[in-house]
Amino acid sequence: MVRVPFRAADGLRAAADRVRLRLGRLGRTARPSSRSRTPARTGAAAPGDPVVAAGRGSGRHPYLRALGMLAVVVLGAWLGLLAVGSIRTPVGPMDTTMTLRPSLTGGSKINVSPLGALELDSHIAPLRLDVDVDRLDPERSQALVDQPERFSHLQDEVTRDVAAGTRELAVRSCVAVVSGAAALGLVVYRRPRRALAAGGLALTLLAASGVSAYATWNPKSVLEPKFSGLLSSAPSLVGDARSIVTEFDIYQRELARLVTNVTKLYDATSTLPVYQPDPGTIRVLHVSDIHLNPAAWHIIASLVEQYEIDVIVDSGDTMDHGSAAENGFLDPIRDLGAPYVWVRGNHDSRVTQEYLEKFRNVRVLDDGAAVNVGGLRIAGTGDASFTPDRTGPGSNKEAARLEGMRLATALRDQERAGTPADIAVAHDPNTARETDGTVPLVLSGHYHRRINEQLKLGTRLKVEGSTGGGGLRAVQNEKPEKVHASVLYMDRSTRRLQAWDEITLGGLGLTTAEVSRHLPEENLRKDAPGSRTPPPSSPGPTPSPSSPSSPSSSASPPLSPGRSPGRPTPTP
């Protein structure tokens, strides 16, 4: 009687054991298929092993694993370049340091301490070439001074030095990126195989960057440099408006010219050099949108003096409200030292225009009228709208286009009469665009930003930014608006644009200065019509005092053989 319940309990336990056994068999048959995915790891380690867990996690996130490796490679390569990726090499009479730096835009940067830097859009790659001019070697520079004829061979010497330095830099950079990436990979992954993979990937990335730089190499970039610091006072380092057109295809010669002039710059105790421009160059200063900023007159006067401007073109919005009370603001125009061509903007009234017409050095253009000034024939028209309070629309586009059509008609009439215009001026770019095909160059403003565009029928449209930095209302903005002006180099015989310098100064409270040299696309062609090779220029600077707040240079170099007296192109 007592054994019956005991046997029943044994039967229940036996049934439970059979269920467990079957579940265990099902589990064993399922596990091999999962192990087959990662046999090496799961077969050699326990299920709770962290290595197995890490392997399963990384298998689920291969992209994160790849990004981690890429981050290690890039960081290690960068650290390697910082540590051992620089070389010191002589370039002519100068000692320089060449370095490759990571960069999103590529290009080359030449640092001439303490004068500033030159930036060149030489290539597109994730690497930038930095060249630091450390010092001028006293012995080599003295040899050049004692034997001036050696300057004629300096170009070849510089070319050889740059080529040798570039080869050495390439080898050093390969070693640097491989070593840096491999070392960081070993620290992070603690496996030699991963470290070697990181070094190989770094070398592959460097090679790909080199191929990209080679494929996008632009030797003409030396003709369109961007100057910053005190070097913004010396755009003449790469030659004058005529020579940069005719010698664009000889990169080594221009680079050597740059080094030669920098050598003379150092030899003159850091006095910025000037150059002898072609006597046939007409210099036009384009300003716009001054908006009652009195500082603009000091800037314009400095540019007129330093660049020896032949004519100033103002494309309007000189005033803010166009009231008679503002007219006294215009009086400094009388003393700028150059003819002043002006068109009415949408902030300038007829009262403003009548006041300016009384100035002896001012030529007011309206309704397509043209004047001969500074060796050029310039036509223009006033803005079709007057919106001084800025409460209405910024411009009436249809009215602006109609005004442009009337200007284009006047330009065609002048061409039929045998007196074609060289430059047209209108405040609104919508007006200016209507002159396409009737004039080689049209200037405008209004947008407070620069635009350079070749229109469909061949006319080049140049829109200038605000020479007044947006005017006194600029203080309402979060960041001060920069001051813009441009110097246009026109050939006196053809009266066509040869090159231009874009001058950008820091706005209110800023002291930055930048000058960028630009060439029309057609002048970059080797067979550009009307081009001729000028005699070589070898400027020799003479020290002259300059003011920190208003950089200037009044040095006069000796004349080159075959050149007539010219004028400098120094500081903004």
### Query
Under 3.5 Å, is there a donor-acceptor pair linking the side chains of Thr435 and Thr438?
no
### Query
Are the aromatic ring centres of His291 and His448 under 6.0 angstrom apart?
yes
### Query
Taking atom types as modelled and ignoring hydrogens, do the side chains of Asp289 and His446 form a donor-acceptor contact shorter than 3.5 angstrom?
no
### Task
State whether the side chain of Ser212 and the backbone N or O of Ile124 hold a donor-acceptor pair below 3.5 Å, judged by distance alone.
yes
### Query
Do the side chain of Glu357 and the main chain of Val364 share a donor and acceptor less than 3.5 angstrom apart?
no
### Electrostatic pair Asp383-Arg344, nearest N-O below 4.0 angstrom
no
### Message
For the residue pair Arg283 and Tyr307, would you count it as a cation-pi contact if the rule is NZ or CZ under 6.0 angstrom from the ring centre and within 45 degrees of the ring axis?
### Response
no
### Message
Ignoring hydrogens and geometry beyond distance, is a side-chain donor-acceptor pair present between Thr419 and Gln414 at under 3.5 Å?
### Response
no
### Query
Nearest heavy-atom pair of Asn327 and Thr352: which atoms, and what distance?
OD1-CA, 4.0 Å
### Query
Just by distance, with hydrogens left out, do Thr387 and Asn346 show a side-chain donor and acceptor under 3.5 Å apart?
yes
### Query
Among side-chain atoms of Thr318 and Asp314, is any donor-acceptor pair under 3.5 angstrom?
yes
### Query
Just by distance, with hydrogens left out, do Arg460 and Asn452 show a side-chain donor and acceptor under 3.5 Å apart?
yes
### Under 3.5 Å donor-acceptor, Asp491 side chain and Gln498 backbone
no
### Query
Is a side-chain N or O of Asp366 found less than 3.5 angstrom from the main chain of Gly382, in a donor-acceptor match?
yes
### Query
Do the side-chain N and O atoms of Thr504 and Arg450 include a donor-acceptor pair separated by under 3.5 angstrom?
yes
### Task
For the pair Thr467 (side chain) and His484 (backbone), establish whether a donor and an acceptor sit closer than 3.5 Å, ignoring hydrogens and angles.
yes
### Message
Main chain of Asp320, side chain of His347: is a donor-acceptor contact present, judged purely on distance under 3.5 Å?
### Response
yes
### Query
Do Glu403 and Arg406 meet the salt-bridge criterion of a basic N to acidic O distance under 4.0 Å?
yes
### Query
Taking the side chain from Arg496 and the backbone from Thr494, do they hold a donor-acceptor pair closer than 3.5 Å?
yes
### Query
So, do Leu292 and Glu326 sit near enough that their side-chain heavy atoms are less than 4.5 Å apart?
yes
### Query
Is any side-chain heavy atom of Lys109 closer than 4.5 Å to a side-chain heavy atom of Val131?
no
### Query
Do any N or O atoms from the side chain of Gln306 and from the backbone of Leu303 form a donor-acceptor pair under 3.5 angstrom?
no
### Query
Within the distance-only criterion (no hydrogens, no angle test), does the side chain of His427 pair as donor or acceptor with the backbone N or O of Thr431 below 3.5 angstrom?
no
#### Entry: Test: Glu453 and Lys462 ion pair at under 4.0 Å
no
### Task
Give a yes or no answer on whether the side chain of Thr459 reaches the backbone of Val439 with a donor-acceptor pair at less than 3.5 Å.
yes
### Query
For Ser516 and Glu502, what are the C-alpha separation, side-chain angles and deciding distance, and is it a side-chain hydrogen bond (donor to acceptor under 3.5 Å, both in side chains)?
CA-CA 5 Å; Ser516 301; Glu502 291 182 350; 5.3 Å; no
### Check against side-chain contact (heavy atoms from CB on, under 4.5 Å), Met319 and Phe329
CA-CA 8 Å; Met319 312 296 266; Phe329 169 76; 4.1 Å; yes
### Task
Report yes if some heavy atom in the side chain of Val341 is under 4.5 Å from a heavy atom in the side chain of Val373; otherwise report no.
yes
